[in-house]
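To keep things clear, I will list the structure first and then write my remarks on it.
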Amino acid sequence: METQVDEKKKKIVDFCNDKHQFIDKKSVDLLEKEENWEEILNEIKDQMISAEKVKSMIANRESKLSNVKRETIVKKSGFKAIAKEVDPDFRIMTEYEVTGQSKSEGKVKDFLNYFSDKYAFLSGLLKKRVGFNPKPLNKLKTAAKYEEVDLIGMVVRKWVSKKENLTIEIDSPEGRCIAIVSKDDAEINREAGKILIDDVIGIKGKKFADEVVIVQGFLWPDLMQRTPKTAERDLSVMLISDMHIGSKLFMEKEFNKFLSWINGNANTEKELERIGKIKYLVVAGDNVDGVGVYPSQFDELAIKDIYGQYNKFTELIRQIPEHIEIFICPGQHDAVRRADPQPAIPREYVKELYDSKNVHFVGSPSWVEMEGLKAMIYHGASHHDMYSAMSGLDAKKPEMAMIELLRRRDLSTGFGQIQPYVPEKFDYMLIREEPDFYFAGDMHHKGYAQYRGCLNVNAGCWQLRTDYQVKEGHVPTPGIAIDINLKTRKITENNFYGGEDGNIS
Ligand SMILES: [Fe+2]
């Protein structure tokens with residue numbers, strides 16, 4: 001027996017030597033217990049094979065096996081989805097897709113292009129507003145003192161003057177100007193409190209000096225008021241986000257319940273009918289927990305290898321019925337650049353999913369038209385910036401930050417905030433069209449709001465409350481898959497965790 005073990009160990013070491021890989025004793029001991037040790041080693045591409053890596057590969061294989069079993073169970077049900085009977089009708093709006101288009105080198109000229117593209121688009125929207133006739137900033141001197149003037153500019157500075165008036169410096173290609181908000185005007189001060197650096201705003205005011213204006217009102221590029229659009233076909237889109245697969249806190253049990261459910265294992269006929277209408281699924285980022293995202297993360301990982309995390313992700317996503325078109329964007333935990341706009345997760349991590357006809361990897365932000373309705377999908381990193389930069393927002397109401405970004409028609413919140421941006425020549429962060437839906441994640445908290453024809457939906461998460469969230473006092477809403485009927489715009493929460501609202505208390 002002893003000789004047999006030694007022989008197997010020798011075979012393992014020789015196998016690695018042949019592939020010019022180094023293997024430590026612990027890894028050899030682990031593999032010696034595995035029947036399929038050759039297959040496991042073939043999957044490891046590292047030159048130095050560690051015990052951690054071997055453990056995660058073994059764990060992945062085990063979960064793969066249990067998933068296969070589950071798939072067989074759900075296939076037994078005789079569920080027929082109406083969404084399966086119809087062809088999909090969608091278009092990834094590649095004109096707003098950064099994937100494969102990133103041209104920035106981070107040079108001064110890139111920043112200049114970025115700002116001029118942003119300014120041209122946002123000032124163009126403001127110029128179209130009825131009753132607003134902006135003067136170029138260098139023409140302010142031609143107006144008489146106290147004459148009413150309309151101006152547009154990008155905010156470069158904001159401070160409180162010695163006389164305690166809020167003062168804003170705006171810039172434009174035609175010059176600069178100082179805008180003063182009187183401390184006695186509570187309403188305009190409230191509005192001015194929302195203005196952030198780099199915002200492009202319209203000002204209605206009275207000239208005070210050649211480069212100074214007294215503010216009487218602000219205008220945002222904003223969405224127009226309109227009736228919400230609906231689809232003709234009675235189909236739904238489902239939104240999930242922030243699985244953080246690979247984290248010890250990933251709620252695998254609950255996610256498996258969701259997978260079983262979406263395959264037709266429902267409690268009631270009515271629920272089954274609703275599942276049958278799901279034709280599209282949006283996955284809004286932080287699909288895996290990543291490796292090395294923050295300093296103490298390593299100890300919090302159940303799968304300590306990024307490929308292992310994506311293997312697990314692949315196994316889970318593959319269990320979603322094939323008639324559902326899946327759109328997956330990255331988040332700050334995924335294996336792409338952290339800075340926005342983020343390109344799609346590369347093929348090397350998720351080959352099998354790239355080869356699946358119904359799975360589409362898109363950037364963050366990205367735009368997808370489904371059943372004639374346009375959805376803007378963004379993981380939501382800049383939402384965090386909104387909370388730190390603006391008072392009056394609540395992390396339990398992510399929809400409030402979403403509305404603030406829609407008002408700006410801009411998903412970025414200014415350079416110098418927490419979230420980094422890459423200055424692309426074409427600014428992918430701008431909200432160039434009026435979306436019918438704005439789908440996001442990131443805050444780990446559900447949230448909904450209807451705003452000027454756009455339905456904002458923020459997904460919760462599939463990760464239990466982290467130590468960081470406990471420190472921040474943030475309570476997530478995990479284990480909820482949200483479905484939105486495209487014909488009626490009705491939102492339904494499907495809760496796979498805990499109490500009535502899914503909150504962790
Ligand atoms: Fe997340």
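Since this is a predicted model, take the numbers as computed values, not measurements. Ligands are counted one by one from 1 in listed order, and the atoms in each one are counted from 1 as well.
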Atom pair NZ (Lys304) and NZ (Lys53), whose distance is rounded to the nearest 0.5 Å
13.5 Å

Heteroatom N/O/S of His333 within less than 2.8 Å of the Fe ion (ligand 1):
no

If you take the centroid of each ring, where Trp contributes its six-membered ring, are His244 and His333 closer together than 6.0 Å?
yes

At a threshold of 2.8 Å, where the distance has to be below it, does the Fe ion (ligand 1) have an N, O or S atom of Asp242 nearby?
yes

Hey, does Cys329 have a side-chain heavy atom less than 4.5 Å from the side chain of Gln342?
no

Are Lys253 and Tyr497 close enough that some pair of their side-chain heavy atoms sits under 4.5 Å apart?
no

Step through it carefully: locate the ring centre of Tyr307, locate the ring centre of Tyr310, and say whether they are under 6.0 Å apart.
no

Which single N/O/S atom of His244 lies at minimum distance from the Fe ion (ligand 1)?
NE2

Starting from the Fe ion (ligand 1), look over the N/O/S atoms of Asp286 and name the nearest one.
OD2

Can you tell me if, anywhere in Cys461, an N/O/S atom lies at a distance from the Fe ion (ligand 1) that is smaller than 2.8 Å?
no

